[in-house]
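The next block holds one structure in the form of C-alpha coordinates; read it before the comments.
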Amino acid sequence: MAFKSKSRGTIKDFPGFKANDDAETLRKAMKGLGTDEESIIKILISRSNAQRQEVAVAFKTLFGRDLVDDLKSELSGKFEKLIVALMIPDALYDAYELRHAMKGAGTCENVLIEILASRTTGEVKHIKQVYQQEYGRELEDSITGDTSGYFQRMLVVLVQANRDPDSKVNDSLVEQDAQDLFKAGELKWGTDEEKFITILGTRSISHLRKVFDKYMTISGYQIEESIGRETSGHLEKLLLAVVKSVRSIPEYLAETLYHAMKGAGTDDCTLIRVMVSRSEVDLLDIREKFRKNWGKSLHAMIKGDTSGDYRNALLLICGGDDD
(Lines give C-alpha, C1' and ligand atoms only; values in the text may rest on other atoms or scores of the structure.)
Protein backbone atom coordinates (compact mmCIF):
# COMPACT_ATOMS: atom_id res chain seq x y z
CA MET A 1 0.00 0.00 0.00
CA ALA A 2 0.96 3.62 -0.25
CA PHE A 3 1.31 3.76 3.54
CA LYS A 4 4.37 1.60 4.11
CA SER A 5 6.26 2.99 7.06
CA LYS A 6 8.67 0.46 8.48
CA SER A 7 7.92 -2.37 6.12
CA ARG A 8 7.55 -5.89 7.43
CA GLY A 9 7.21 -7.21 3.92
CA THR A 10 9.22 -9.99 2.28
CA ILE A 11 9.76 -8.02 -0.94
CA LYS A 12 11.88 -4.89 -0.95
CA ASP A 13 13.54 -2.70 -3.60
CA PHE A 14 16.18 -4.70 -5.50
CA PRO A 15 19.63 -3.11 -5.10
CA GLY A 16 21.46 -2.38 -8.36
CA PHE A 17 18.14 -2.39 -10.22
CA LYS A 18 18.29 -1.59 -13.96
CA ALA A 19 14.89 -1.40 -15.65
CA ASN A 20 16.27 -1.77 -19.20
CA ASP A 21 18.25 -4.92 -18.33
CA ASP A 22 15.18 -6.48 -16.74
CA ALA A 23 13.01 -5.54 -19.72
CA GLU A 24 15.50 -7.21 -22.09
CA THR A 25 15.69 -10.36 -19.96
CA LEU A 26 11.88 -10.58 -19.89
CA ARG A 27 11.62 -10.07 -23.66
CA LYS A 28 14.15 -12.85 -24.21
CA ALA A 29 12.21 -15.11 -21.80
CA MET A 30 9.03 -14.72 -23.90
CA LYS A 31 10.42 -14.47 -27.44
CA GLY A 32 10.31 -17.35 -29.89
CA LEU A 33 9.22 -20.87 -29.00
CA GLY A 34 8.46 -21.71 -25.39
CA THR A 35 8.65 -19.45 -22.36
CA ASP A 36 11.38 -19.22 -19.75
CA GLU A 37 9.13 -19.10 -16.68
CA GLU A 38 12.05 -19.27 -14.28
CA SER A 39 13.50 -15.96 -15.50
CA ILE A 40 10.08 -14.30 -15.30
CA ILE A 41 9.62 -15.49 -11.71
CA LYS A 42 13.13 -14.54 -10.69
CA ILE A 43 12.93 -11.01 -12.03
CA LEU A 44 9.38 -10.00 -11.16
CA ILE A 45 9.37 -11.39 -7.62
CA SER A 46 12.76 -10.03 -6.60
CA ARG A 47 11.71 -6.50 -7.65
CA SER A 48 9.42 -4.24 -5.64
CA ASN A 49 6.10 -3.18 -7.11
CA ALA A 50 7.47 0.30 -7.93
CA GLN A 51 10.39 -1.29 -9.78
CA ARG A 52 8.04 -3.59 -11.74
CA GLN A 53 6.21 -0.48 -12.97
CA GLU A 54 9.53 0.94 -14.20
CA VAL A 55 10.29 -2.35 -16.00
CA ALA A 56 6.89 -2.16 -17.75
CA VAL A 57 7.71 1.37 -18.97
CA ALA A 58 11.16 0.27 -20.17
CA PHE A 59 9.61 -2.75 -21.94
CA LYS A 60 7.24 -0.53 -23.90
CA THR A 61 10.00 1.99 -24.66
CA LEU A 62 12.41 -0.64 -25.96
CA PHE A 63 10.03 -2.98 -27.79
CA GLY A 64 6.78 -1.09 -28.35
CA ARG A 65 4.98 -3.92 -26.57
CA ASP A 66 2.84 -4.05 -23.43
CA LEU A 67 4.54 -6.20 -20.79
CA VAL A 68 1.31 -7.28 -19.09
CA ASP A 69 -0.29 -8.24 -22.42
CA ASP A 70 2.78 -10.31 -23.30
CA LEU A 71 2.75 -12.02 -19.90
CA LYS A 72 -0.96 -12.82 -20.33
CA SER A 73 -0.41 -14.36 -23.74
CA GLU A 74 2.62 -16.43 -22.63
CA LEU A 75 1.36 -17.67 -19.24
CA SER A 76 -1.84 -19.38 -18.19
CA GLY A 77 -3.97 -20.45 -15.26
CA LYS A 78 -3.23 -19.57 -11.66
CA PHE A 79 0.39 -18.73 -12.43
CA GLU A 80 -0.76 -16.10 -14.94
CA LYS A 81 -3.22 -14.66 -12.39
CA LEU A 82 -0.46 -14.36 -9.79
CA ILE A 83 2.04 -12.69 -12.14
CA VAL A 84 -0.58 -10.25 -13.48
CA ALA A 85 -1.57 -9.38 -9.87
CA LEU A 86 2.08 -8.60 -9.09
CA MET A 87 2.13 -6.19 -12.04
CA ILE A 88 -0.84 -4.10 -10.84
CA PRO A 89 0.45 -0.85 -9.24
CA ASP A 90 0.14 -1.42 -5.51
CA ALA A 91 -1.81 1.80 -5.00
CA LEU A 92 -4.50 0.35 -7.29
CA TYR A 93 -4.55 -3.24 -6.13
CA ASP A 94 -7.18 -3.13 -3.36
CA ALA A 95 -9.50 -0.94 -5.45
CA TYR A 96 -9.07 -3.34 -8.39
CA GLU A 97 -9.94 -6.34 -6.20
CA LEU A 98 -13.02 -4.62 -4.77
CA ARG A 99 -14.20 -3.63 -8.24
CA HIS A 100 -13.85 -7.15 -9.56
CA ALA A 101 -15.62 -8.56 -6.52
CA MET A 102 -18.70 -6.52 -7.43
CA LYS A 103 -18.61 -6.56 -11.21
CA GLY A 104 -20.92 -8.76 -13.23
CA ALA A 105 -23.33 -11.32 -11.81
CA GLY A 106 -23.01 -12.10 -8.12
CA THR A 107 -20.80 -10.45 -5.53
CA CYS A 108 -17.75 -11.97 -3.88
CA GLU A 109 -18.57 -10.89 -0.34
CA ASN A 110 -15.41 -12.43 1.10
CA VAL A 111 -13.26 -9.94 -0.80
CA LEU A 112 -15.28 -6.99 0.53
CA ILE A 113 -15.06 -8.42 4.05
CA GLU A 114 -11.33 -9.13 3.97
CA ILE A 115 -10.24 -5.80 2.49
CA LEU A 116 -12.58 -3.43 4.32
CA ALA A 117 -12.12 -5.13 7.70
CA SER A 118 -8.32 -5.28 7.58
CA ARG A 119 -7.28 -1.95 6.08
CA THR A 120 -6.48 1.07 8.24
CA THR A 121 -8.51 4.28 8.08
CA GLY A 122 -5.80 5.94 5.98
CA GLU A 123 -5.72 2.99 3.60
CA VAL A 124 -9.51 2.98 3.16
CA LYS A 125 -9.46 6.70 2.36
CA HIS A 126 -6.80 6.03 -0.26
CA ILE A 127 -8.77 3.10 -1.74
CA LYS A 128 -11.87 5.31 -2.07
CA GLN A 129 -9.92 7.99 -3.91
CA VAL A 130 -8.32 5.51 -6.31
CA TYR A 131 -11.63 3.71 -6.88
CA GLN A 132 -13.31 6.97 -7.88
CA GLN A 133 -10.43 7.92 -10.22
CA GLU A 134 -10.21 4.51 -11.87
CA TYR A 135 -13.86 3.50 -12.15
CA GLY A 136 -15.67 6.85 -12.21
CA ARG A 137 -17.95 6.07 -9.29
CA GLU A 138 -17.90 6.12 -5.52
CA LEU A 139 -16.95 2.88 -3.77
CA GLU A 140 -19.92 3.38 -1.44
CA ASP A 141 -22.35 3.49 -4.40
CA SER A 142 -20.94 0.24 -5.78
CA ILE A 143 -21.34 -1.38 -2.36
CA THR A 144 -24.90 -0.20 -1.76
CA GLY A 145 -25.85 -1.34 -5.26
CA ASP A 146 -24.50 -4.81 -4.58
CA THR A 147 -25.30 -5.64 -0.94
CA SER A 148 -28.19 -5.30 1.46
CA GLY A 149 -29.35 -5.30 5.07
CA TYR A 150 -27.11 -4.92 8.10
CA PHE A 151 -24.18 -6.34 6.10
CA GLN A 152 -24.46 -3.37 3.74
CA ARG A 153 -24.79 -0.93 6.63
CA MET A 154 -21.62 -2.20 8.32
CA LEU A 155 -19.70 -1.97 5.03
CA VAL A 156 -20.94 1.60 4.54
CA VAL A 157 -19.78 2.52 8.06
CA LEU A 158 -16.31 1.06 7.35
CA VAL A 159 -16.09 2.88 4.00
CA GLN A 160 -16.67 6.23 5.76
CA ALA A 161 -13.19 5.68 7.26
CA ASN A 162 -14.17 7.83 10.24
CA ARG A 163 -12.98 5.54 13.02
CA ASP A 164 -11.90 7.53 16.10
CA PRO A 165 -8.15 8.13 16.11
CA ASP A 166 -6.18 6.27 18.77
CA SER A 167 -5.78 8.59 21.72
CA LYS A 168 -6.21 8.33 25.46
CA VAL A 169 -8.82 5.68 26.21
CA ASN A 170 -11.80 6.79 28.28
CA ASP A 171 -12.43 3.98 30.80
CA SER A 172 -16.03 4.94 31.55
CA LEU A 173 -16.87 4.83 27.82
CA VAL A 174 -15.15 1.42 27.61
CA GLU A 175 -17.45 0.15 30.39
CA GLN A 176 -20.49 1.73 28.68
CA ASP A 177 -19.71 0.18 25.28
CA ALA A 178 -19.11 -3.26 26.78
CA GLN A 179 -22.43 -3.05 28.66
CA ASP A 180 -24.22 -1.83 25.53
CA LEU A 181 -22.88 -4.74 23.45
CA PHE A 182 -23.90 -7.18 26.18
CA LYS A 183 -27.42 -5.69 26.30
CA ALA A 184 -27.64 -5.62 22.49
CA GLY A 185 -26.84 -9.32 22.20
CA GLU A 186 -26.71 -11.85 25.01
CA LEU A 187 -29.24 -10.07 27.26
CA LYS A 188 -31.77 -9.36 24.54
CA TRP A 189 -34.44 -11.42 22.86
CA GLY A 190 -33.21 -10.95 19.28
CA THR A 191 -30.18 -8.79 18.55
CA ASP A 192 -29.70 -5.05 18.27
CA GLU A 193 -27.35 -5.22 15.26
CA GLU A 194 -27.13 -1.47 15.04
CA LYS A 195 -25.27 -1.23 18.37
CA PHE A 196 -22.68 -3.75 17.17
CA ILE A 197 -22.26 -1.86 13.89
CA THR A 198 -21.82 1.56 15.51
CA ILE A 199 -19.41 0.47 18.24
CA LEU A 200 -17.30 -1.91 16.12
CA GLY A 201 -17.28 0.46 13.13
CA THR A 202 -16.44 3.79 14.79
CA ARG A 203 -14.45 3.36 18.01
CA SER A 204 -10.67 3.53 18.00
CA ILE A 205 -8.57 0.36 17.91
CA SER A 206 -7.07 0.78 21.39
CA HIS A 207 -10.53 1.57 22.80
CA LEU A 208 -12.06 -1.56 21.21
CA ARG A 209 -9.31 -3.82 22.55
CA LYS A 210 -10.23 -2.65 26.06
CA VAL A 211 -13.94 -3.05 25.30
CA PHE A 212 -13.34 -6.70 24.31
CA ASP A 213 -11.53 -7.37 27.61
CA LYS A 214 -14.27 -5.66 29.62
CA TYR A 215 -16.94 -7.56 27.64
CA MET A 216 -15.29 -10.83 28.66
CA THR A 217 -15.33 -9.74 32.32
CA ILE A 218 -19.00 -8.70 32.21
CA SER A 219 -20.43 -11.57 30.16
CA GLY A 220 -18.02 -14.46 30.60
CA TYR A 221 -17.80 -14.75 26.79
CA GLN A 222 -15.31 -13.63 24.19
CA ILE A 223 -16.98 -11.07 21.91
CA GLU A 224 -16.35 -13.49 18.98
CA GLU A 225 -18.50 -16.16 20.68
CA SER A 226 -21.38 -13.73 21.13
CA ILE A 227 -21.18 -12.51 17.53
CA GLY A 228 -21.25 -16.15 16.41
CA ARG A 229 -24.42 -16.75 18.42
CA GLU A 230 -26.18 -13.46 17.78
CA THR A 231 -25.60 -12.92 14.05
CA SER A 232 -25.28 -15.07 10.93
CA GLY A 233 -24.28 -15.08 7.28
CA HIS A 234 -22.21 -12.28 5.76
CA LEU A 235 -22.84 -9.90 8.67
CA GLU A 236 -21.41 -12.43 11.12
CA LYS A 237 -18.34 -12.94 8.92
CA LEU A 238 -17.79 -9.19 8.58
CA LEU A 239 -18.17 -8.43 12.31
CA LEU A 240 -15.79 -11.28 13.17
CA ALA A 241 -13.26 -10.03 10.60
CA VAL A 242 -13.42 -6.54 12.14
CA VAL A 243 -12.94 -7.90 15.68
CA LYS A 244 -10.02 -10.11 14.59
CA SER A 245 -8.39 -7.22 12.70
CA VAL A 246 -8.77 -4.96 15.74
CA ARG A 247 -6.96 -7.60 17.80
CA SER A 248 -4.23 -8.17 15.15
CA ILE A 249 -4.29 -7.64 11.37
CA PRO A 250 -1.44 -10.11 10.66
CA GLU A 251 -3.19 -12.72 12.78
CA TYR A 252 -6.47 -12.24 10.91
CA LEU A 253 -4.73 -12.50 7.53
CA ALA A 254 -2.74 -15.57 8.65
CA GLU A 255 -6.07 -17.21 9.49
CA THR A 256 -7.47 -16.11 6.11
CA LEU A 257 -4.51 -17.80 4.35
CA TYR A 258 -4.88 -20.94 6.44
CA HIS A 259 -8.56 -21.32 5.52
CA ALA A 260 -7.76 -20.62 1.85
CA MET A 261 -5.57 -23.75 1.82
CA LYS A 262 -7.11 -26.01 4.47
CA GLY A 263 -9.09 -29.09 3.39
CA ALA A 264 -9.91 -30.14 -0.14
CA GLY A 265 -9.25 -27.59 -2.85
CA THR A 266 -7.54 -24.22 -2.55
CA ASP A 267 -9.12 -20.78 -2.69
CA ASP A 268 -6.46 -19.47 -5.08
CA CYS A 269 -8.01 -16.01 -5.46
CA THR A 270 -7.65 -15.40 -1.72
CA LEU A 271 -4.19 -16.95 -1.59
CA ILE A 272 -2.98 -14.69 -4.43
CA ARG A 273 -4.70 -11.57 -3.05
CA VAL A 274 -3.27 -11.84 0.46
CA MET A 275 0.23 -12.84 -0.66
CA VAL A 276 0.44 -10.04 -3.22
CA SER A 277 -1.25 -7.27 -1.21
CA ARG A 278 0.85 -7.91 1.92
CA SER A 279 4.17 -8.80 0.25
CA GLU A 280 5.57 -5.30 0.92
CA VAL A 281 3.54 -4.57 4.07
CA ASP A 282 3.52 -7.23 6.80
CA LEU A 283 4.02 -10.69 5.31
CA LEU A 284 6.83 -11.37 7.81
CA ASP A 285 4.38 -10.78 10.69
CA ILE A 286 1.73 -12.90 8.96
CA ARG A 287 4.27 -15.74 8.63
CA GLU A 288 5.09 -15.47 12.34
CA LYS A 289 1.40 -15.64 13.38
CA PHE A 290 0.77 -18.47 10.93
CA ARG A 291 3.52 -20.61 12.46
CA LYS A 292 2.36 -19.84 15.99
CA ASN A 293 -1.37 -20.45 15.47
CA TRP A 294 -1.50 -23.24 12.90
CA GLY A 295 1.42 -25.44 13.91
CA LYS A 296 3.19 -25.32 10.55
CA SER A 297 4.89 -22.68 8.47
CA LEU A 298 3.14 -20.75 5.71
CA HIS A 299 5.95 -21.95 3.41
CA ALA A 300 5.22 -25.62 4.19
CA MET A 301 1.49 -25.19 3.67
CA ILE A 302 1.93 -23.44 0.31
CA LYS A 303 4.40 -26.12 -0.76
CA GLY A 304 1.95 -28.91 0.07
CA ASP A 305 -1.02 -27.20 -1.47
CA THR A 306 0.21 -25.86 -4.82
CA SER A 307 2.41 -27.03 -7.68
CA GLY A 308 4.57 -26.03 -10.65
CA ASP A 309 5.58 -22.47 -11.51
CA TYR A 310 2.65 -21.18 -9.43
CA ARG A 311 4.10 -22.86 -6.34
CA ASN A 312 7.66 -21.65 -7.08
CA ALA A 313 6.45 -18.07 -7.43
CA LEU A 314 4.35 -18.16 -4.23
CA LEU A 315 7.25 -19.65 -2.24
CA LEU A 316 9.54 -16.85 -3.45
CA ILE A 317 6.99 -14.24 -2.33
CA CYS A 318 6.68 -16.04 1.00
CA GLY A 319 10.45 -15.80 1.52
CA GLY A 320 11.79 -18.13 4.22
CA ASP A 321 10.44 -21.26 5.82
CA ASP A 322 9.69 -20.85 9.55
CA ASP A 323 9.54 -24.57 10.38
Side-chain angles (χ1 to χ4, degrees), residues 1 6-11 45 78-79 81-82 85-86 93-94 97 101 108-120 123 200 205 208-209 212-213 216 221-229 231-234 236-323:
M1 280 301 308
K6 51 180 196 307
S7 166
R8 296 280 298 148
T10 52
I11 295 179
I45 292 170
K78 297 178 281 204
F79 178 51
K81 273 203 180 85
L82 174 60
L86 285 165
Y93 190 65
D94 284 341
E97 284 289 309
C108 185
E109 286 83 4
N110 285 351
V111 178
L112 304 185
I113 291 169
E114 176 203 305
I115 293 177
L116 293 172
S118 67
R119 300 310 189 248
T120 63
E123 285 167 348
L200 294 177
I205 302 297
L208 283 172
R209 286 177 183 157
F212 300 160
D213 292 342
M216 179 76 192
Y221 301 118
Q222 291 284 14
I223 185 84
E224 289 92 333
E225 295 173 78
S226 294
I227 289 170
R229 269 196 296 273
T231 59
S232 62
H234 297 313
E236 177 192 355
K237 275 191 181 151
L238 177 56
L239 294 176
L240 286 174
V242 169
V243 168
K244 287 170 183 175
S245 295
V246 164
R247 291 191 190 275
S248 161
I249 291 167
E251 202 153 346
Y252 165 64
L253 292 171
E255 184 184 337
T256 303
L257 283 171
Y258 177 75
H259 288 295
M261 293 183 278
K262 183 179 93 91
T266 304
D267 175 356
D268 291 291
C269 290
T270 297
L271 180 53
I272 291 170
R273 185 176 54 254
V274 178
M275 294 296 286
V276 171
S277 66
R278 310 312 284 189
S279 61
E280 294 183 39
V281 184
D282 57 0
L283 195 51
L284 290 169
D285 298 327
I286 292 170
R287 265 172 42 186
E288 207 175 282
K289 296 292 185 187
F290 195 99
R291 181 73 192 80
K292 182 172 146 257
N293 294 343
W294 305 105
K296 56 164 32 172
S297 69
L298 176 58
H299 193 279
M301 195 145 181
I302 291 171
K303 199 171 180 178
D305 220 61
T306 56
S307 62
D309 294 317
Y310 177 56
R311 170 166 69 185
N312 298 340
L314 283 169
L315 290 176
L316 260 185
I317 296 171
C318 179
D321 186 348
D322 306 304
D323 268 350

task = Please list all pairs passing the ring pair (Phe, Tyr, Trp, His ring centres under 6.0 Å) test where one or both residues lie in residues 254-277, with sequence neighbours left out.
result = Tyr258-Trp294, His259-Trp294

What's the separation between atom [atom1] in [X] and atom [atom2] in [Y], rounded to the nearest 0.5 Å?
X: Glu114; Y: Ser277; atom1: CD; atom2: OG; result: 6.5 Å
X: Leu253; Y: Ser248; atom1: CG; atom2: OG; result: 8.5 Å
X: Leu116; Y: Leu238; atom1: CG; atom2: CG; result: 8.0 Å
X: Met261; Y: Thr256; atom1: CE; atom2: OG1; result: 10.5 Å
X: Leu240; Y: Ile113; atom1: CG; atom2: CD1; result: 9.5 Å
X: Asp213; Y: Gln222; atom1: CG; atom2: CD; result: 8.0 Å

Taking distance alone, no hydrogens or angles, what donor-acceptor pairs closer than 3.5 Å link side-chain atoms of residues 316-323 to residues at least two apart or in another chain?
from	atom 1	to	atom 2	distance (Å)
Asp321	OD1	Ser297	OG	2.6
Asp321	OD1	Asp323	N	3.0
Asp322	OD1	Arg287	NH2	3.1
Asp322	OD2	Arg287	NE	3.0
Asp323	OD1	Arg291	NE	2.8
Asp323	OD1	Ser297	N	3.0
Asp323	OD2	Ser297	N	3.4
Asp323	OD2	Ser297	OG	3.4

query = Tell me, do Ile223 and Met216 make a side-chain contact under 4.5 Å, heavy atoms counted?
reply =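 No - every pair of side-chain heavy atoms lies 4.5 Å or more apart.
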
query = Asp94 versus Arg119: any side-chain heavy-atom pair under 4.5 Å?
reply =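 Yes - at least one pair of side-chain heavy atoms lies under 4.5 Å apart.
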
task = Mind running side-chain contact (heavy atoms from CB on, under 4.5 Å) on Lys81 and Tyr310 for me, showing each step along the way?
result = CA-CA 9 Å; Lys81 273 203 180 85; Tyr310 177 56; over 6 Å; no

ask   = Which residue pairs satisfy the salt bridge (charged side-chain N to carboxylate O under 4.0 Å, His left out) criterion with at least one member in residues 237-249, sequence neighbours excluded?
value =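 Residue pairs passing salt bridge (charged side-chain N to carboxylate O under 4.0 Å, His left out), neighbours aside: Glu224-Arg247, Lys244-Glu255.
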
query = So which pairs with a foot in residues 296-317 pass salt bridge (charged side-chain N to carboxylate O under 4.0 Å, His left out), sequence neighbours left out?
reply =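 Output for this query is empty, none listed.
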
query = Looking at residues at least two apart in the chain, or sitting in another chain, which of them share a side chain to side chain contact (heavy atoms under 4.5 Å, CB included) with Ala254?
reply =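 Counting only residues at least two positions away or on another chain, Ala254 forms a side chain to side chain contact (heavy atoms under 4.5 Å, CB included) with Ile286, Lys289, Phe290.
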
request  = Check for a donor-acceptor pair, side chain of Ser7 on one end and backbone N or O of Glu280 on the other, with a separation under 3.5 Å.
outcome  = yes

Set of side chain to side chain donor-acceptor pair (under 3.5 Å) partners for [X], sequence neighbours left out:
X: Lys78; answer: none
X: Arg209; answer: none
X: Ser226; answer: Glu186, Tyr215
X: Asp282; answer: Arg278

Taking all atoms of both residues into account, what is the closest heavy-atom pair of [X] and [Y], and its distance?
X: Ile302; Y: Met275; answer: CD1-CE, 3.7 Å
X: Gly9; Y: Leu284; answer: O-CD1, 3.5 Å
X: Ala241; Y: Ala117; answer: CB-CB, 3.6 Å
X: Leu271; Y: Ala260; answer: N-CB, 4.4 Å

query = Is there a side-chain contact (heavy atoms from CB on, under 4.5 Å) between Glu97 and Ile115 once you walk through the steps?
reply = CA-CA 9 Å; Glu97 284 289 309; Ile115 293 177; 3.8 Å; yes

task = Show the numbers, then the answer: is there a side-chain contact (heavy atoms from CB on, under 4.5 Å) between Asn110 and Thr270?
result = CA-CA 9 Å; Asn110 285 351; Thr270 297; 5.6 Å; no

inquiry  = Just to verify, what does Glu109 make a salt bridge (Lys or Arg N to Asp or Glu O under 4.0 Å) with, not counting sequence neighbours?
reply    = none

request  = Test Leu298 against Leu283 for side-chain contact (heavy atoms from CB on, under 4.5 Å), laying out the working first.
outcome  = CA-CA 10 Å; Leu298 176 58; Leu283 195 51; 4.3 Å; yes

note = For Tyr221, the ring pair (Phe, Tyr, Trp, His ring centres under 6.0 Å) test, sequence neighbours excluded, returns none

task = Can you sort out the partners of His234 under ring pair (Phe, Tyr, Trp, His ring centres under 6.0 Å), two or more places apart, ordered by chain and number?
result =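 Here the qualifying residues are Phe151.
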
